[in-house]
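In this chain, residues are counted from 1 in sequence order.
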Amino acid sequence: MNDNHFSADDWRRLLRHIGEDPQRQGLQDTPERVDRAWKHWTSGYGQDPAEILKVFEDGAEKYNELIVVRGIPVYSHCEHHLAPFFGSATVGYTPNGRIVGLSKLTRLVECFSKRLQVQERLTIQIAEALMTHLQPLSVGVVIRCRHMCMESRGIRTPGQETVTSALLGEMQTNFPLRTEFLALAREKD
């Protein structure tokens, strides 16, 4: 057996391991479906943030205020239990003569979310990728998520939200800019 290739047969073994019959009618196609699902859920490993963040100079040469996208969906899996965590991200930056298409911020979040993660690393990876490839004056990322490893096992506390943030560049030292970004990142009332 090749340890580097995980297949539907491995999912059948898992079903047997937990006490199920993979030949039962409701489970016959499950191993193939789960195999496809995990390929999708971890497709971020095959994405390069540099390719996602195509930069434009036209339209940004005089713009020097925050650009913020809120409500970006986050769907990921924690690396400790492979349990889902989900919520939303707010990503903002102050351009330095260059901008990216707004959809690229969503794609960047998706790229890093579709990897096994901890929310803290996910937050800083998004911020650092923007800082590296766009070279803006500042970057801010706030992520709010619910974690199924906390809600469905362990402490079992449904509805709790974990909030993480990463503030880079001028956002670390410019208090008014930091305050403006965090105000824009707040949830809608």
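At a threshold of 4.0 Å, the pair E79-R115 does not count as salt-bridged, since none of the basic side-chain nitrogens sits closer than that to a carboxylate oxygen. A salt bridge between R13 and D9 is absent, with no side-chain N of the basic residue lying under 4.0 Å from a carboxylate O of the acidic one. R36 and E32 are not joined by a salt bridge, as no carboxylate oxygen comes within less than 4.0 angstrom of a charged side-chain nitrogen. A salt bridge links E20 to R24: at least one charged side-chain nitrogen sits closer than 4.0 Å to a carboxylate oxygen.
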Note to self: Test side-chain contact (heavy atoms from CB on, under 4.5 Å) on E128 and L168; report intermediate values, then the result.
What the structure shows: CA-CA 8 Å; E128 287 177 343; L168 302 178; 4.1 Å; yes
Next item on the list: Start with the C-alpha distance between C145 and V74, add both sets of side-chain angles, then the distance that settles side-chain contact (heavy atoms from CB on, under 4.5 Å), and finish with yes or no.
Entry: CA-CA 8 Å; C145 286; V74 173; 3.8 Å; yes
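The six-membered or imidazole ring of F6 lies near that of W11, with a centre-to-centre distance under 6.0 Å.
Other residues, nucleotides and ligands contribute more than 12 heavy atoms inside 6.0 Å of the CZ atom of R98. Within 6.0 Å of atom OH in Y45, more than 12 heavy atoms from other residues, nucleotides or ligands are found, so the atom counts as buried in its surroundings.
Every salt bridge (Lys or Arg N to Asp or Glu O under 4.0 Å) that R146 has, sequence neighbours left out, goes to E151. Every residue meeting the side chain to side chain contact (heavy atoms under 4.5 Å, CB included) condition with S165, not counting sequence neighbours, appears here in chain and number order: V142.
Checked by atom type and distance alone, the side chain of N174 never pairs as donor or acceptor with a backbone atom of M171 at under 3.5 Å. In this structure, Y93 contributes its side chain and N96 its backbone to no donor-acceptor pair below 3.5 Å. Under the 3.5 Å distance criterion, the side-chain polar atoms of Y63 are left unmatched by any main-chain donor or acceptor of G97. Judged by distance alone, with hydrogens and angles left aside, the side-chain atoms of R178 form no donor-acceptor pair with the main-chain N or O of T173 at under 3.5 Å. Proximity of a side-chain donor or acceptor of Q28 to a complementary backbone N or O of Q23 within less than 3.5 Å is detected.
The minimum heavy-atom distance linking S138 with T94 is given by the pair OG-OG1, 2.6 Å. When every heavy atom of G71 is checked against every heavy atom of T90, the shortest pair comes out as N-OG1, 4.3 Å. Contact between R12 and P31 at its shortest, heavy atoms only, is CG-CG, 3.4 Å. Minimum interatomic distance between A8 and D35 (heavy atoms only, all atoms of both residues): N-CG, 4.2 Å.
Side-chain contact check for H77 and K114: no donor-acceptor pair (N or O, by modelled atom type) lies under 3.5 Å. A donor-acceptor pair shorter than 3.5 Å cannot be found between the side chains of S113 and E110. Side-chain contact annotation: R121 with Q117, donor-acceptor N/O pair under 3.5 Å present. Side chains of H147 and Q160: a donor-acceptor N/O pair is absent below 3.5 angstrom, by distance only.
Here the options are L122, V118, T162, the test is side chain to side chain contact (heavy atoms under 4.5 Å, CB included), and the partner is F85; only L122 passes.
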